[in-house]
Amino acid sequence: MSEILRYIDQNSSRFRAEMYDFLRIPSVSAKSEHDSDTRGAAEWLAQRLRDAGLEAELRETPGHPVVLGHWRGAGPDSPTVLIYGHYDVQPPEPLEEWTSPPFEPTERDGRVYARGSADDKGQLYMHVKALEAHLATQGSLPVNVIVLAEGEEEVGSANLVPFVEQNAAELACDAVVISDSNMYAPGMPSVLFSLRGLAYFEIHVRGPRSDLHSGQFGGPVVNPGNALAKIVASLHDADGRVAIEGFYDDVLEWDEETRDQIRSLPFDDTAYKADLKVAALGGEKGWSTLEKLWIRPTCDVNGMLCGYTGEGAKTVLPGKAMAKVSFRLVPSQTPERVKKLLEAHLARVSPPGVTVELVELHGGRPWKAKVEGKLVEAASEALEQAFGTRAVLQGEGGSIPIVVDFEEKLKASALLVGFALPGCNLHAPNEWFPLDAFHKGIGALAILYGKLG
Ligand code: BES
Ligand code: MN
Ligand code: MN
């Protein structure tokens, strides 16, 4: 292993430079104007996999292509590891809030700033370099490897689910390894025990035939803006719980061991508030901040559209209003059930005089890891060797919907080891990735493959 780690040390500046090339490609999956860039990122990645010594190709889907690489030289008696990541990124807007341009990777204070540096191109590329380190020094890998990188994670992975179903035989594996999440804190590597799921909706409220003069019509005419505000307010009770009947029926009561594990992690609400520049925290009464983030479900407004929002005053009674509302789910909630419950709730609270329509955007099931077993053990040891500190178990509030599909369709356990940090500004301006974690993490992954083999 020391030869492999030495190779990683000796090539670290080239690894970084290559990652920056990857980050320069604006693979924004949500925007069709970037379709050729997104494909370009896929082609770039496939070529880097070939350079590392794998076979790789683009596999077409109705949307952005899947990059599929593999190396089967370990033979049928050795385990097969599927490495998953995504080469698409979130739109970079608002551009004026970036200190350096989003697609010009820039180093400052031991970090690289660029869209996709943490989510997920930087982390995905670490796996490519860990594979290269084995192949370049040993001429082989300790396990058979499949690399599956998609270009639609940030837009809901709609085409990946059928892809996995249709290619289940080709994707057959013993474990799925994913680096698309965070370490607990700087110098504190972690393995995930959970991801939350997601159920995302639009609530459309329609009132009179058009916008109206709010003096001439205000009063008798039910205002869609007022109605939407009432609907949104009805989603929580005074204790911060989601006030939809039946919403908590499927919520798992986590075992005391996991809750103890959460309590054992250092966490300071005061520092958390100071960092976010807020005076107080909210959410469900009776749970700690980490519990609220990892093991409790939520309901959040993501956007609202209604009436006049331009400069100055306009006395108008809006004809319609819309809110984007999403729920983060925990085991064993499902997007389907939450949709049914929300429909029933809307039917109950919507005032007469407006119509209310619920539109589902996308969803994903929550994931709970099997934390006892060889996979997590191997990862913890590899992280400890590379970072010099024990890895902790942590939950995660974000979602990677495909994880549950992998486990179900490929009948393999997933292992989530991420190297970003909670402050890395994912999806936000000034996204960054810690360069020391990039370097040490490549070593950790190389050690991990060794242990799995
Ligand atoms: N990598 C993130 C999920 C994530 C964020 C994991 C933070 C761990 C820490 C992923 O790319 C993502 O953004 N997922 C979306 C869901 C998707 C359906 C758009 C999310 O969580 O909002
Ligand atoms: Mn991601
Ligand atoms: Mn993301």
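Being a predicted model, the structure only gives us computed values, none of them experimental. First listed ligand is number 1; within each ligand, the first listed atom is number 1.
Close contacts of ligand 1 with Leu426, meaning ligand atoms under 4.0 Å from a residue heavy atom, involve 5 (C), 7 (C). Heavy-atom contacts of Ser181 reach the following atoms of ligand 1: 8 (C) (cutoff under 4.0 Å). For ligand 1, the atoms lying closer than 4.0 Å to a non-hydrogen atom of His86 are 11 (O). The atoms of ligand 1 that sit less than 4.0 Å from any heavy atom of Gly398 are 21 (O).
Scanning the protein heavy atoms around atom 16 (C) of ligand 1, the nearest turns out to be Ser399 O, 3.6 Å. Given atom 6 (C) of ligand 1, the protein heavy atom at minimum distance is Asp180 O, 3.3 Å.
Open room surrounds CZ on Arg390; 12 or fewer heavy atoms of other groups in view lie less than 6.0 Å from it.
Residue Pro401 places a heavy atom under 4.0 Å from ligand 1.
Relative to the ring axis of Phe22, Arg48 does not place its NZ or CZ within 45° and under 6.0 Å from the centre. In this structure, Arg16 forms no cation-pi arrangement with Phe438, as its terminal cationic atom is not both closer than 6.0 Å to the ring centre and no more than 45° off the ring axis.
Compare Gln90, His427, Arg328 by their heavy atoms: the one nearest to atom 22 (O) of ligand 1 is in Arg328. When the heavy atoms of His362, Glu153, Arg196, Glu152 are ranked by distance to atom 10 (C) of ligand 1, first place goes to Glu153.
In this view, Arg206 and Glu357 satisfy the salt bridge (Lys or Arg N to Asp or Glu O under 4.0 Å) rule, not counting sequence neighbours.
A side-chain hydrogen bond (donor to acceptor under 3.5 Å, both in side chains) with Tyr125 is found for one member of His127, Lys129, Lys121, Gln123 and no other, namely Lys129.
Within the protein, the N, O or S atoms sitting under 2.8 Å from the Mn ion (ligand 2) are His86 NE2, Asp119 OD1, Asp180 OD1, Asp180 OD2.
Counting only N and O atoms by type, the side chains of Ser190 and Gln394 include a donor and acceptor under 3.5 Å apart.
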